Amino acid sequence: MLDIRYIRENAAAVQENARRKGYDVSVDEVLRWDKTKRQLQQQADELREKRNDISSRMKGGKPEPSLVEEGKALKDQLTAVEANLKEADATFIEQLKKLPNMALPTVPVGTTEDENVVIRTVGEKPQFDFEPKNHWELAETKDWIDKARAAKIAGARFAYLKGDLVRLELALWQFGMDVLGNEAILQKIIDDNGLKVSAKPFTPVIPPAVARTAVFQATGRLNKEEQTYKLEDEDLWLNASAEHTMAPMYMDEILAEDSLPIRLVGYTTAFRREAGTYGKDAEGIFRLHQFNKLEMESFTGADTSLEEHLLMVAIQEYLMQQLGLPYQVLEKCTADIGRPNAKGVDIEVWLPAQNSYRETHTADYITDFQTRAMKTRVRRGNGSVELAHTNDATVFSERPLIAIIENFQTASGDVIVPEVLRPYLGGRETV
RNA sequence: GGAGAGGUGCCCGAGUGGUUUAAGGGAACGGUCUUGAAAACCGUCGUGCCAGCAAUGGUACCGAGGGUUCGAAUCCCUCCCUCUCCGCCA
């Protein structure tokens with residue numbers, strides 16, 4: 001959520017920002033509730049001051065009837081004020097949480113994802129002297145994907161992945177973990193991109209795949225209608241990314257400055273309802289209710305968070321280059337970056353059979369929007385306390401497998417394994 | 001899932017209704033002393049919110065949320081978590 005003091009002083013800018021991001025919210029209403037809440041808070045504080053005063057005059061255990069009467073009267077007043085305060089505060093927080101994070105001035109203004117701006121195109125698109133197949137056509141002949149039986153078991157948008165496709169996927173996780181855990185490689189990426197951040201390696205994490213309502217809400221990522229699955233009979237939601245369970249790890253904690261940056265690379269199975277996408281990407285494994293994912297998450301101070309975001313994008317590009325996949329980098333527009341984001345970058349991979357670039361990676365620059373709700377703070381060397389900043393970004397999902405299959409297919413229907421993955425596949429050159 | 005015991009600050013730990021403004025110890029930080037260090041001694045040492053230019057004042061927070069009371073860390077209820085034993089289990 002946003003800082004209420006910032007909203008008070010920049011109401012017009014906050015309203016305009018919400019409009020640009022496509023959120024129908026009223027800053028004036030937030031400010032009205034803020035004012036109401038503060039007035040009630042003031043009244044409550046004054047009544048409590050009197051109550052505490054009376055109480056301190058009665059210490060010693062011999063209550064004077066007149067003071068007790070006065071206390072009773074105060075109690076009635078306070079009960080009424082506190083009831084109003086509680087209601088006003090709840091409404092205020094509810095309204096406040098609806099306001100989207102401020103987009104950086106550099107974020108392109110747009111009303112749909114079509115207005116995202118391509119800032120880089122990297123790699124050569126493959127040339128085929130035969131008609132390239134879709135990933136699901138290739139997978140069919142290899143018996144890699146069984147969606148018919150998965151539908152029988154779990155419904156549409158689920159799949160059994162089988163055979164060498166599974167081995168290829170496991171290789172991808174290994175490769176990603178190895179790059180993110182290698183300080184020398186990170187230092188090279190940092191140097192090549194002119195960044196000045198630490199080369200501290202990412203710590204591998206396997207997080208819980210579920211989170212409580214309050215925790216999920218604090219991340220700003222709970223999206224009941226379209227995305228998030230709820231467990232029946234439990235106050236638990238299935239995560240749609242390891243981000244959702246790693247970002248709140250340090251809730252209610254004050255981190256020591258010298259522990260930063262905290263860098264995590266989490267592996268989890270992600271679950272997404274995908275409501276409202278009926279018929280979209282119905283074939284193959286491009287859009288499933290369940291998929292595996294490797295995700296970066298980091299906690300930094302405000303001073304280094306933007307560079308941290310740029311590092312994550314640089315890592316994503318490095319990974320795609322190592323795999324030899326052609327891709328483009330997009331600066332996401334205001335309508336597409338999402339409510340908690342101040343900035344967002346997507347990477348889209350070239351899919352020859354679809355004759356288009358499709359999203360494989362996202363990098364989210366969140367600033368303090370999550371940590372304000374999560375109360376994750378940093379204690380500086382001089383003793384001052386400030387909100388931490390979070391960043392998250394995709395390392396790999398299963399979508400790069402689609403890109404590998406389609407870009408590296410041969411006339412005979414085999415797939416050439418990217419060199420960097422071969423060590424994890426016993427040196428095999430094709431699958 | 002059953003039975004029992006617990007949850008207090010960075011850590012340990014005292015506190016069972018009224019100067020708790022949370023004792024005491026440790027750690028940390030600053031200082032005195034010392035050639036330097038250790039020891040000793042002195043001091044500092046939680047996080048929000050509101051008002052204020054500030055100094056400061058008020059208020060809240062002892063796992064979470066309710067309740068009882070003039071007054072709750074303390075009593076009651078619900079929930080969460082930890083530990084011990086039992087049961088079940090990859």
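Source: prediction; values computed, not measured. All values below were derived from every heavy atom in this structure, side-chain atoms included, with hydrogens, water molecules and symmetry-related copies excluded. Chain identifiers are assigned alphabetically (A, B, ...) following the order of the sequence lines, protein sequences preceding nucleic acid strands; residue numbering begins at 1 within each chain.
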Between the protein and nucleotides 72-77 of chain B, are there any N/O to N/O pairs under 3.5 Å, and if so, what are the atom names and distances?
none

Rounded to the nearest angstrom, tell me the gap between atom CD in A/Gln77 and atom P in B/C70. 15 Å
Taking the nucleotide of RNA chain B with the nearest heavy atom to each, does A/Arg379 or A/Glu46 sit closer to the 5' end? A/Arg379
Using nucleotides 63-68 of chain B, report all nitrogen or oxygen pairs with the protein that are shorter than 3.5 Å.
| from | atom 1 | to | atom 2 | distance (Å) |
| --- | --- | --- | --- | --- |
| B/G66 | OP1 | A/Lys86 | NZ | 3.2 |

Could you please name the option among B/C80, B/U59, B/G18 that lies closest to any side-chain atom of A/Glu49? B/U59
Classify the nucleic acid contact of A/Ile254 as base, sugar-phosphate or nothing, counting any heavy atom under 4.0 Å across all strands shown. sugar-phosphate
Identify the nucleotide, in any strand shown, that forms a Watson-Crick or G-U wobble pair with B/A51, with both distances under 3.5 Å; if there is none, say none. B/U56
Could you measure the distance from the NE2 atom of A/His309 to the OG1 atom of A/Thr300? Nearest 0.5 Å is fine. 12.0 Å
Dump the intermediate steps for side-chain contact (heavy atoms from CB on, under 4.5 Å) on A/Asn341 and A/Asp364, then the final yes or no. CA-CA 6 Å; A/Asn341 287 54; A/Asp364 294 313; 2.7 Å; yes
Round to the nearest Å and state the distance from A/Gln43 atom CD to B/G58 atom C1'. 15 Å
Which nucleotide, in any strand shown, forms a Watson-Crick or G-U wobble pair with B/A40, with both distances under 3.5 Å? B/U32
Suppose we call two aromatic rings close when their centres sit under 6.0 Å apart. Are A/His389 and A/Phe299 close by that rule? no
Distance, rounded to the nearest Å, where A/Leu387 contributes CG and B/U47 contributes P: 13 Å
Could you give the distance separating B/G4 and B/G9 at their P atoms, to the nearest angstrom? 27 Å
Quick one: is B/C70 close enough that its OP1 or OP2 comes under 4.0 Å of any side-chain N or O from A/Arg48? no
Give me the distances for all protein-to-nucleotides 48-50 of chain B N/O pairs that come in under 3.5 Å?
| from | atom 1 | to | atom 2 | distance (Å) |
| --- | --- | --- | --- | --- |
| B/C49 | OP1 | A/Arg5 | NH2 | 3.2 |
| B/C50 | OP1 | A/Arg8 | NH2 | 3.1 |
| B/C50 | O2' | A/Gln42 | OE1 | 2.4 |

Separation of B/A28 atom P from A/Glu257 atom CD, nearest Å, is 19 Å
Whole-Å C1' distance, B/C79 and B/U21: 31 Å
As an exercise, state the distance from NZ of A/Lys375 to CD1 of A/Ile254, rounded to the nearest 0.5 Å. 11.5 Å
Look up atom CG in A/Asp89 and atom CG in A/Asn84, then write down how far apart they are to the nearest 0.5 Å. 12.5 Å
Pairwise C1' distance for B/G63 and B/G57, with rounding to whole Å: 31 Å
What pair of heavy atoms forms the shortest contact from A/Glu419 to A/Pro423, and how long is it? O-CD, 3.4 Å
Tell which nucleotide pairs with B/A5, taking only Watson-Crick or G-U wobble pairs whose two distances are both under 3.5 angstrom. B/U82
Taking the C1' atom of each, how far is B/G13 from B/U8, in whole Å? 9 Å
Rounded interatomic separation in angstrom, taking CG from A/Leu78 and C1' from B/A60: 12 Å
Both distances under 3.5 Å, Watson-Crick or G-U wobble: report the partner of B/G46, or none. B/C61
To the nearest 0.5 Å, what is the distance between NZ (A/Lys97) and CZ (A/Arg339)? 10.0 Å
What is the distance from CD of A/Glu82 to P of B/A60, rounded to the nearest Å? 9 Å
Atom P, compared across B/G24 and B/C42: separation rounded to whole Å: 13 Å
Is A/Ile153 atom CD1 crowded by more than 12 heavy atoms from other residues, nucleotides or ligands, each under 6.0 Å away? yes
Report the C-alpha separation of A/Lys72 and A/Asp76 in whole Å, then their side-chain angles, then the decisive distance to 0.1 Å, and conclude whether the salt bridge (charged side-chain N to carboxylate O under 4.0 Å, His left out) test is met. CA-CA 6 Å; A/Lys72 278 183 179 173; A/Asp76 290 342; over 6 Å; no
Tell me whether the rings of A/His289 and A/Phe158 are parallel (<30°), tilted (30 to 60°) or perpendicular (>60°). tilted
P atom, B/A3 versus B/G15: distance in rounded Å? 29 Å
So, A/Trp237 versus A/Tyr229, ring centres under 6.0 angstrom or not? no
Now, which nucleotide makes the Watson-Crick or G-U wobble pair with B/G18, with each of the two distances under 3.5 Å? B/C70
Can you see whether A/Asp346 engages A/Thr362 through a side-chain donor-acceptor pair at a distance of less than 3.5 angstrom? yes
For atom CG of A/Asp53 and atom P of B/U21, their distance in whole Å: 13 Å
Of A/Phe396, A/Phe202, A/Phe291, A/Trp173, the one forming a ring-ring contact (aromatic ring centres under 6.0 Å, His included) with A/Tyr267 is A/Trp173
Whole-angstrom distance between B/A23 and B/C76, as gauged at atom C1': 27 Å
Measuring from A/Leu161:CG to A/Ile285:CD1, what's the distance to the nearest 0.5 Å? 5.5 Å
A/Arg212 atom CZ is separated from B/C79 atom P, nearest whole Å, by 14 Å
Looking only at side-chain N and O atoms, does A/Asn52 come under 4.0 Å of OP1 or OP2 in B/G58? no
Integer angstrom distance from the C1' of B/U69 to that of B/G31: 48 Å
